[in-house]
Amino acid sequence: MSDLQPVRGTHDILPEDHRRHRQVTETARQIAARYGYEEISTPVFEFSEVFKRTLGETSDIVTKEMFSFEDRGGEQLTLRPEVTAGVARAFISGGLAQHLPLKFFCQGPMFRYERPQKGRQRQFHQIDVELLGVDGPLADIEIISLAAHILDALGVADKVTLELNTLGDTESRQSYRTKLVGYLEGFKDKLSEDSLARLDRNPLRILDSKDQGDRAVIADAPLLEDHMNDASKAFFEDVQKGLKTAGIEYKINPTLVRGLDYYCHMAFEFTTETLGAQGAVLAGGRYDGLIEAMGGPPTPGTGWAAGVERLALMIAEPPGPARPVAVVPIGQAAEAEALSLVQRLRRAGFTADLGFSGNLQKRLKGANKANAVAAVIIGEDELAKGAATVRDMETGEQTEVKLSALEDHLARYR
RNA sequence: GUGGUUGUAGCUCAGUUGGUUAGAGCGCCUGGUUGUGGUCCAGGAGGCCGGGGGUUCAAAUCCCCUCAGCCACCCCA
């Protein structure tokens, strides 16, 4: 078995799993469309630089979770660990700046080299929404409303909590960052190894540390909210007002910082208790500096991503495939008639099944296993009369029906 | 990357202090039915006991290594 195992952290998605995945992605796509978000796809791999520059050299994703490789031409490539960087790249390379604002829906596989566990795989799928070119809080209110709408439509609204925080604008963040680093420098001997590494690149992440020693240091650290300028405060308040107007409940979590460097202002996360250690179901925030940092025109952006597998674990069992009508020939002579009949029914919109072999008994058995609603039986008797015997697979009741009237008779099973 | 735990038939699981040919239920196949499914009855197929190495007269069982799942840490969707 070991040689035929799928690669660690990857999974085959069999039909039953696919039903759940489809339920998630289709629901999201349809509702996003009502908000004016159209689907785009970017490649599943990019030049490694795209992710290194945007996610931050010291982020966990870049330092230990990327699937990177060199192609035959010597290019350094990386399987995308998230899609925002790819969308930003597409925005720049496609010269889309003149079409702002832009609303995108995305969906597809992501890759992270992590230790797998429940709700966590090395290849997983995300649905994703990006809104580019709007710098006001209305943008954030819209994408959060859209997220809440989708979660509600999936029937998981009561299993999740919306957590919210603000990181402030660049100015506030810079001044706070300076203060924080100044404070933390004094405790270098007490900080954990991880936090020391973050000190010069992403000090805000230290606030989110769960290390005991770090927590003691953080307890007395300067607070981000004390360094917010008026514009940042107003932004955060406006978003909250908007959410209240939209009837969306939330709670503020001051330690919510997010792992990626490019966020500013809003950071939010829909969390759940139902997925074991995996709390985050849908998360995102604002990334105003991202596109400019990549070399594009200064363009504000905000968006979120959600884990398809995680949502699939949370939703109720979606309905199975439509129950078919089984066409059952008896004997050689009837097979040609059955073949044309089954096609006729399919073109008329029925789900119809024609077995590949077997006598009447075997085919009825097959029809039963396929959960057929009815069997259309054609033998020599029926051929002679230009009719078929329609057997109701629920009641066992049989009716002789003229071939010309078949669709009408079967209409009840649609 | 670290720690814990599990791995026996397609699925869920038994398998005693190491002892002949590794079992059960469900599922699958065949027959009881030459034109009637589900239920029932009879029969059958299906196992490198995750993989490799070791201990032993003898290993599914004990030891080591390894792979994978799950759980937790870390981090995240």
Side-chain angles (χ1 to χ4, degrees), chain A residues 1-11 14 24 28 55 59-65 80-84 106-129 147 151 160 192-195 198 205 208-212 214 256-260 269-272 275-284 303-314 326 328-331 334 355 358-383 389-398:
Chain A
M1 276 243 248
S2 67
D3 48 340
L4 289 178
Q5 273 167 353
V7 175
R8 181 166 215 193
T10 67
H11 292 278
L14 300 176
V24 171
L55 301 178
S59 67
D60 283 304
I61 289 185
V62 170
T63 54
K64 55 185 200 194
E65 293 174 7
R80 63 183 184 191
E82 56 105 51
V83 79
T84 305
C106 268
Q107 156 270 324
M110 307 293 158
F111 307 84
R112 291 185 197 174
Y113 194 86
E114 292 186 283
R115 191 81 171 259
Q117 54 180 274
K118 186 190 179 94
R120 180 183 217 179
Q121 303 162 199
R122 288 185 172 179
Q123 176 177 344
F124 61 103
H125 296 76
Q126 286 188 337
I127 50 177
D128 177 279
V129 150
L151 294 173
V160 314
S192 67
E193 213 174 304
D194 284 345
S195 290
R198 289 173 185 140
R205 274 287 295 111
D208 206 14
S209 174
K210 274 139 200 152
D211 180 88
Q212 284 294 323
D214 289 351
L256 180 62
V257 174
R258 317 248 61 232
L260 310 182
E269 209 164 276
F270 284 85
T271 58
T272 183
L275 292 176
Q278 269 57 249
V281 171
L282 182 156
W304 53 254
V308 174
E309 282 82 0
R310 289 185 184 178
L311 286 168
L313 287 170
M314 293 171 70
V328 177
I330 305 168
N359 58 23
L360 178 60
Q361 188 187 14
K362 280 191 185 141
R363 285 174 187 259
L364 280 178
K365 220 168 206 161
N368 192 59
K369 208 186 302 173
N371 197 26
V373 274
V376 176
I377 302 166
I378 319 168
E380 282 177 34
D381 301 350
E382 287 85 356
L383 273 182
T389 299
V390 176
R391 180 180 178 86
D392 185 307
M393 293 298 284
E394 226 47 75
T395 64
E397 202 177 313
Q398 300 197 159

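Hydrogens, waters and symmetry mates play no part in the numbers below; they use all other heavy atoms, side chains included. Residue numbers begin at 1 in each chain, while the letters A, B, ... track the order of the sequences.
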Give a yes/no on whether any side-chain N or O of [X] is located under 4.0 angstrom from OP1 or OP2 of [N].
X	N	answer
A:Q361	B:G37	yes
A:K369	B:G27	no
A:Q117	B:A72	yes

Using a heavy-atom cut-off of under 4.0 Å over every strand shown, decide if [X] touches base, sugar-phosphate, or nothing.
X	result
A:R8	sugar-phosphate
A:L311	nothing
A:G284	nothing
A:A305	sugar-phosphate

Ranking B:A77, B:G37, B:C29 by distance to the side chain of A:K365, first place goes to B:G37
- Message: Tell me whether the side-chain N or O atoms of A:R363 pair up with the base of B:U36 as donor and acceptor below 3.5 Å, since no angle test is needed here.
- Response: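 A donor-acceptor contact between them is absent.
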Sorted by chain and number, sequence neighbours left out, salt bridge (Lys or Arg N to Asp or Glu O under 4.0 Å) with A:R391 holds for none
Pairs involving residues 120-129 of chain A, ordered by first then second residue, that meet side-chain hydrogen bond (donor to acceptor under 3.5 Å, both in side chains) (sequence neighbours left out):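 Only A:E114-A:R120, A:H125-A:E309 qualify under side-chain hydrogen bond (donor to acceptor under 3.5 Å, both in side chains).
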Dot-bracket for RNA chain B, 5' to 3', Watson-Crick and G-U pairs with both distances under 3.5 Å, [ ] for crossing pairs, | for partner on another strand, reads (((((((..((((.....[...)))).(((((.......))))).....(((((..]....))))))))))))....
